[in-house]
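Heads up: the structure comes next, in structure tokens.
Each chain gets a letter, A, B and so on, in the order the sequences are listed, and its residues count up from 1. Because the structure is a prediction, the values reported are computed rather than measured.
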Amino acid sequence: MYVYADNAATTKMSPTAIQAMTDAIEQYWGNPSSLHTTGQTAKEALEAARAEIAQLLGAESPREIYFTSGGSEADNQAILSAAQFGARKGKKHIISTKFEHHAVLHTLQKLQKQGYEVELLDVHETGIVTPEQVKNALRPDTALVTVMYANNEIGTVQPIREIGAVCREAGVLFHTDAVQAVCHIPVSVREDNIDMLSLSAHKFHGPKGIGVLYARKGILLRNLIEGGAQERGKRAGTENMPAILSMAVAMREEMAQMDAVTAKLTTMRDRLIEGLTKIPHSRLNGDRNQRVPATVNFCFEGIEGEALLLMLDAEGIQASSGSACTSGSLDPSHVLLALGLPHEVAHGSLRLSIDAETTDDEITHILTVVPRVVSYLRNMSPVWEALENGEKEHLI
Amino acid sequence: MALYSEKVMDHFKNPRNVGKMENADGVGEVGNAKCGDIMKMYLKIEDGVIVDAKFNTFGCGSAIATSSMATEMIIGKTVDEALTLSNKAVVEALDGLPANKIHCSVLAEEAVKAAIKDYYDKNGIAYDRELFCDGNCAHCHAHDDE
């Protein structure tokens with residue numbers, strides 16, 4: 001049996017999204033900046049996609065939607081813009097959390113080197129930051145609060161609406177990296193008090209290399225890429241028409257079926273949690289309930305994550321030990337360390353992220369294979385015996 | 001391209017000589033759980049010849065594969081020969097390792113040496129201390145502690 005359980009890394013494009021992409025290649029190949037008919041035909045399709053995405057996200061106007069190369073670019077542009085315009089008013093304090101995606105964390109580190117003060121809030125054992133923490137951290141010189149909507153490794157959902165309300169009340173810009181949330185849980189920039197939002201199409205069965213930066217009317221953006229008047233002058237480069245049109249179709253389709261898919265996924269996810277919890281010395285990472293319907297993350301003490309993944313892959317189960325973006329690194333996940341897990345335990349993590357195509361049989365397969373592989377690797381591990389016979393409670 | 005060579009995958013999926021050894025003549029443990037790798041090596045030595053070797057490893061696929069390969073490479077060798085086993089030879093025998101996994105082969109070399117050192121210590125055999133691991137992982141591979 002072949003099980004793809006790494007949808008948080010990327011999803012397979014839906015047939016309609018693929019169709020939209022090929023249609024765009026054939027019908028809207030013109031340059032939207034050209035004044036002739038072919039160009040203007042493309043321009044109309046581009047603006048229709050923009051309007052649709054604006055509406056689906058609860059934006060006030062299509063002018064608030066900027067197409068980017070993906071979530072990382074959107075994160076970079078949102079944060080660097082807020083930092084630059086904040087500094088003009090003498091505001092150089094930025095609040096975020098310890099377990100953001102590196103697209104956010106590395107951008108913040110860059111700003112720190114430039115003299116900005118970055119405060120990373122604790123996310124507790126639950127993997128959830130509270131609006132009170134944000135409120136307490138706010139200062140008169142705070143330029144930006146950036147908190148991810150749903151965590152990419154453990155799937156916990158943050159109280160974004162409440163955090164947004166705290167920021168709105170204080171008059172501080174609020175950005176959210178919603179890459180793992182859009183099309184997975186209800187997101188509305190208007191209702192959630194969001195000033196800026198990043199999203200990426202390939203996380204919801206759309207194409208790779210395309211994303212959106214939503215920036216509320218009146219928010220100033222600085223360019224990361226210079227060279228043209230595209231995206232209202234804020235992002236140069238001829239628009240990636242096939243990807244943009246395909247993204248709009250994927251978003252519409254996913255949002256239309258979100259309720260039904262959520263119900264199905266939640267049942268399967270809960271089966272996974274229940275089944276994997278039965279493995280001794282295992283733990284579910286992040287809050288049990290406040291999480292996206294598709295993602296679970298477990299630690300199994302006494303084994304190392306990469307060995308687990310390779311064994312599972314050999315058994316037809318494709319999963320991740322955390323973020324695919326950091327898999328080249330030997331260090332344990334910064335997300336799991338942020339939850340307070342010791343290095344020794346954080347090494348043995350497994351992220352399973354399912355989607356609408358996942359079947360009950362596949363869940364059964366996962367629940368049969370994972371305990372067997374964990375046990376096999378533990379028997380090979382020199383640290384397991386001490387855990388098993390109770391000499392040590394943990395690997396610390 | 002696959003992450004690992006076929007040989008690495010073979011030794012990872014079908015590790016040779018895995019398990020504990022009762023009454024081993026030399027036992028060595030290197031690495032630490034914080035770094036994500038621990039190797040424990042057991043040797044059975046008769047008349048200066050390694051007649052059997054076993055290992056237990058906590059670590060990634062290449063850590064398991066290098067331990068397995070190292071045991072195969074030293075069984076039947078004299079202790080002196082085993083001491084010359086280099087991490088490079090283990091890497092070559094496995095048809096290569098990704099750059100960020102080379103430290104696993106270093107660990108395998110050190111595990112063999114640590115077990116031999118234990119054998120020397122137990123039997124009152126004199127040796128050059130500089131040949132052996134000083135227990136400081138940072139000397140062989142650096143972790144990004146930010």
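- For residues 68-78 of chain B, a heavy-atom distance under 4.5 Å to chain A picks out no residue at all.
- Atom NZ of K110(A) has 12 or fewer neighbouring heavy atoms from other residues, nucleotides or ligands inside a 6.0 Å radius.
- Surrounding CD of Q114(A) are more than 12 heavy atoms belonging to other residues, nucleotides or ligands, all under 6.0 Å away.
- Comparing K13(B), M9(B), E29(B) by how many heavy-atom pairs each has under 4.5 Å with chain A, the most go to K13(B).
- By the neighbour-count criterion of 12 heavy atoms within 6.0 Å, atom CG of D47(B) is sparsely surrounded, having that number or fewer from other residues, nucleotides or ligands.
- The minimum heavy-atom distance between E306(A) and Y4(B), with the atom names listed, is OE2-OH, 2.6 Å.
- With sequence neighbours left out, the salt bridge (Lys or Arg N to Asp or Glu O under 4.0 Å) criterion links K122(B) to D118(B).
- Closest heavy-atom contact between P382(A) and F58(B): CD-N, 3.2 Å.
- Proximity to chain A is absent for every atom of S67(B), based on heavy atoms less than 4.5 angstrom apart.
- The local environment of CD in E125(A) is sparse, with at most 12 non-hydrogen atoms from other residues, nucleotides or ligands closer than 6.0 Å.
- At a 4.5 Å heavy-atom cutoff, the contact between I64(B) and chain A is made by side-chain atoms alone.
- Heavy-atom minimum distance, F12(B) versus A307(A): CZ-O, 3.2 Å.
- Here the closest heavy-atom approach between residue C60(B) and residue E304(A) is recorded as CA-OE1, 3.0 Å.
- Here T142(A) pairs with H93(A), I95(A), L138(A), R139(A), V145(A), V172(A) under the side-chain contact (heavy atoms from CB on, under 4.5 Å) rule; sequence neighbours left out.
- A salt bridge does not link E385(A) with K40(B): every distance from a Lys NZ or Arg NE/NH1/NH2 to an Asp or Glu carboxylate oxygen is 4.0 Å or more.
- Among residues two or more places apart in sequence or in another chain, the salt bridge (Lys or Arg N to Asp or Glu O under 4.0 Å) test is passed with E100(A) by none.
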Side chain to side chain contact (heavy atoms under 4.5 Å, CB included) between N379(A) and V18(B): does it pass, once the steps are laid out?
-> CA-CA 9 Å; N379(A) 285 333; V18(B) 66; over 6 Å; no

